[in-house]
Amino acid sequence: MNYWLIKSEPEAFSIDDLKAAPGKKEHWDGIRNYQARNFIRDEMQKGDLAFFYHSNCATPGIVGICEIVSDAYPDHTQFDSNSRYFDAGSKPDNPRWLMRDIKYRRKTRRLVSLSELKEHTAPLEGFPLIRRGNRLSIMPVAPEHWEFILALEKAES
DNA sequence: GCCAACGTTGGC
DNA sequence: GCCAACGTTGGC
């Protein structure tokens, strides 16, 4: 059982989109970064929980929690020449990019913003999200960091 | 295999 | 919209 944080641009796919999806479930496609791919392929497990993070928006931060509900399988958009995620170098018999399905669990009681998380550098030491220049779209969350952020959510902002 | 150029991410 | 940080590409 591992914890994760996954980023999504709300204009492309928000926590509300996930909640509104059939079965509150959606495949999480478009990952085109090898480090992120390796997390998906090697370290994620069905049943893992993830913070759903809104990036590239007015107030970036954690907005919800979802569950990983599938094994890794090929991301079909890599073979679709009309997709912005098309990868001509990836072959169907050896797909380069993988994805998993995620399921809505709940929204957090409030937006736990990046700026708020950055106020807690000591308890969140080592958390990649608050490291300078971090661009990973998926990252592991240490159990103690997961618990700390849940406690932060319950506290008043 | 080095590294400059380029493209992308994502906070601000 | 700007730009710092970082990953990838491709010439050599």
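Proteins come first, then strands; the chains are lettered A, B, ... in the order of their sequence lines, and each starts at number 1. Because only heavy atoms are used, hydrogens play no part in the values below, and waters and symmetry mates are left out as well, while side chains stay in.
Applying the ring pair (Phe, Tyr, Trp, His ring centres under 6.0 Å) rule to Phe51(A) yields the partners Trp146(A); only residues at least two apart in sequence or on another chain are considered. For the side chain to side chain contact (heavy atoms under 4.5 Å, CB included) test, residues two or more places apart in sequence or in another chain that qualify with Pro143(A) are Tyr3(A).
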Identify all side-chain donor-acceptor contacts of residues 127-140 of chain A below 3.5 Å with residues at least two apart in sequence or on another chain.
from      : atom 1 : to        : atom 2 : distance (Å)
Arg131(A) : NH1    : Gly126(A) : O      : 3.4
Asn134(A) : OD1    : Leu136(A) : N      : 3.3

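Within the 4.5 Å cutoff, side-chain heavy atoms of Ile102(A) are placed close to those of Phe52(A).
A side-chain donor from one of Thr77(A) and Arg32(A) sits under 3.5 Å from a side-chain acceptor of the other. For the residue pair Glu153(A) and Thr108(A), no side-chain donor N or O sits within less than 3.5 Å of a side-chain acceptor on the partner.
Residue pairs meeting the salt bridge (Lys or Arg N to Asp or Glu O under 4.0 Å) criterion with at least one member in residues 35-60 of chain A, sequence neighbours excluded, do not occur.
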>> For a quick check, with a 4.0 angstrom heavy-atom cut-off, what is the B/S/- contact string for nucleotides 5-12 of chain B, read 5' to 3'?
In response: --BBBBBS
Got a list of protein N/O to nucleotides 1-3 of chain B N/O distances below 3.5 Å?
none

